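Residue numbers begin at 1 in each chain, while the letters A, B, ... track the order of the sequences. Every value quoted in this text rests on a predicted model; they were computed, and no experiment measured them.
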Number of protein chains: 2
Amino acid sequence: MVKKTREEALATRQSLLAAALQVFRERGVAHTRLSDVAERAGVTRGAIYWHFKDKAELFQAVCERGTMPVEALLAEASQNALQDPLATVRQLALMALTQLAGHADTQAMFDVIFHKCEFTEELAPVVAKNDADRAACLSQVQRLFDQAVACGQLPADTDTFLATQGLHAYMVGLMHEWVLNPGSYDLAACAKPLLDCYLAGLATRPPICRPDAG
Amino acid sequence: MVKKTREEALATRQSLLAAALQVFRERGVAHTRLSDVAERAGVTRGAIYWHFKDKAELFQAVCERGTMPVEALLAEASQNALQDPLATVRQLALMALTQLAGHADTQAMFDVIFHKCEFTEELAPVVAKNDADRAACLSQVQRLFDQAVACGQLPADTDTFLATQGLHAYMVGLMHEWVLNPGSYDLAACAKPLLDCYLAGLATRPPICRPDAG
DNA sequence: ATAAAAGCATACATGCATGAATGTAAATTG
DNA sequence: CAATTTACATTCATGCATGTATGCTTTTAT
């Protein structure tokens, strides 16, 4: 009773990913031994080494499964951005927070990424992908802000680069801190007011960074 | 030529802390071997085990050395908060960002804490101290926001709890992301406009979280 | 000056996680 | 229905980081 059918093998792979996410969250990625992941998934280390090369590749697979919906969101948002760019940004950010508030797996993933993981050389591919994703997201949001300036939704002298950095930092910080204490406040309910507060700041007093002389 | 005088021993301890900060940043805390730290400091592991119980205690010492100035700032700020609470909050946040932008050691520390460390059980004392510090900081800022509402600096219906969470998230996010790419923009120059943007949002459209029915 | 303790260096024993090697039985393929 | 591959389980050898124990030399206290 060793060999499984193809779909059973896929199920094994999925349960390995789920188990890894859990154990990563409990023990931290670096301190996690693959035997723990295997035990949690109800298999042995042999199964892990069959499906993945090593722990880094397993972690990479866990991350990619988690960031897939976000990327789909970004791609989808590039469509209907023409008429109301600010609303598009707002929707984008809102859906990210809503996804975090609602999905337990998403919470686990960000908990791992933010607090239970060391981004060192051995996870270089994950870091590289993170960097690429962030860069793509940032440039897309900045383009939306540029459009918002062109539409008159934002002041003409808005530094859209800084505005983008600020919004991204806001989002990262909200997720980073909220996953530490999901019970501290109702993120799903508070996401809108929190976002609108920052967007209002952008509209009334946008960041303007004069290229300082000296 | 083994035994050192007392101040030489203190110097050894300091160089151990500095070396640990560097190696932690390069290799990550979990992957750092104490022999690396010792070698970087020009001693052997014996010196580490003399000054510290284990890696966790070493990391704790590194963290405490880094958070000391921040705590001093907070204590100092509780003094002159009466007449202009909003300006006090602004000053507080500004000094934190300025400190980060200017001090290389502070950058290293936050890089380690944000990206090169797993907060698991073995670092429980550090986590506990972090939690306590954050709670103290948040409650103090919220008190300032409450005063700001009383002064009329912020709208009467402002949810000061959410406003505090938002500002804290903003700060965390700014630091979290900026240490990843200190060259991406001039934090020292942009700290003011970035902060004022969020504070303007607080003044014009403060977060108000209605206790949602259903 | 002598005893005691400080401040490390060195040597040793231990466990433990890894990765590779091998075994194996069922499931495909032709 | 044979041959081959899949999908793991099991075993093994290895290295490596840790913690402890011990040794050694110089301060420091008295």
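Here the nucleotide nearest the side chain of R33(A), chosen from dT18(C), dC8(D), dT20(D), is dT18(C). Of the candidate nucleotides dA6(C), dC8(D), dT18(C), dA6(C) has the atom lying nearest to any side-chain atom of W50(B). Ranking dT18(D), dG7(C), dT27(D) by closeness to the T5(B) side chain, first place goes to dT27(D). The side chain of A9(A) sits closest to dC8(D) out of dC8(D), dT18(D), dC8(C). Of the listed nucleotides (dA9(C), dT18(D), dA20(C)), dA9(C) has the atom at the smallest distance from the side chain of A47(B). Of the candidates dG19(D), dG19(C), dC8(C), the closest approach to any side-chain atom of Y49(A) belongs to dG19(C).
Contact annotation: S35(A) does not reach the phosphate of dA17(C) (side-chain N/O to OP1 or OP2, under 4.0 Å). Distances shown here put a side-chain N or O of H51(B) below 4.0 Å from the OP1 or OP2 atom of dC8(C).
Between K192(B) and D196(B) there is no salt bridge, since no side-chain N of the basic residue sits under 4.0 Å from a carboxylate O of the acidic one.
The aromatic ring centroids of F24(B) and F59(B) lie less than 6.0 Å from each other. Taking the six-membered ring wherever Trp is involved, the centroid distance between the rings of F114(A) and H176(B) falls below 6.0 Å.
Closest-nucleotide positions on DNA chain D for D54(B) and E7(B) were compared, and the one nearer the 5' end corresponds to D54(B). Between E8(B) and R45(B), it is E8(B) whose nearest contact on DNA chain C lies nearer the 5' terminus. Nearer to the 5' terminus of DNA chain C, by closest-nucleotide assignment, is the contact made by A30(A) (compared with the other of A30(A) and G46(A)).
As a whole-Å value, the separation of D36(B) CG from dA17(D) P is 7 Å. The separation between L10(B) atom CG and dC8(C) atom P is 9 Å, rounded to whole Å. In this structure, the CD atom of E122(A) is 11 Å from the P atom of dT18(C), given to the nearest Å. Taking atom CG of L16(B) as the reference point, atom C1' of dC8(C) lies 11 Å away to the nearest angstrom. Here dT10(C) presents its C1' atom at 16 Å from CD of E39(B), a figure rounded to the nearest Å. In this structure, the CG atom of L58(A) is 12 Å from the P atom of dG19(C), given to the nearest Å. Here dG7(C) presents its P atom at 16 Å from CD1 of I48(B), a figure rounded to the nearest Å. In this structure, F52(B) atom CZ and dG19(D) atom C1' are separated by 17 Å, rounded to whole Å.
Between the side chains of H51(B) and E57(B), no donor N or O sits under 3.5 Å from an acceptor N or O. A donor-acceptor pair shorter than 3.5 Å can be found between the side chains of E118(B) and H31(A).
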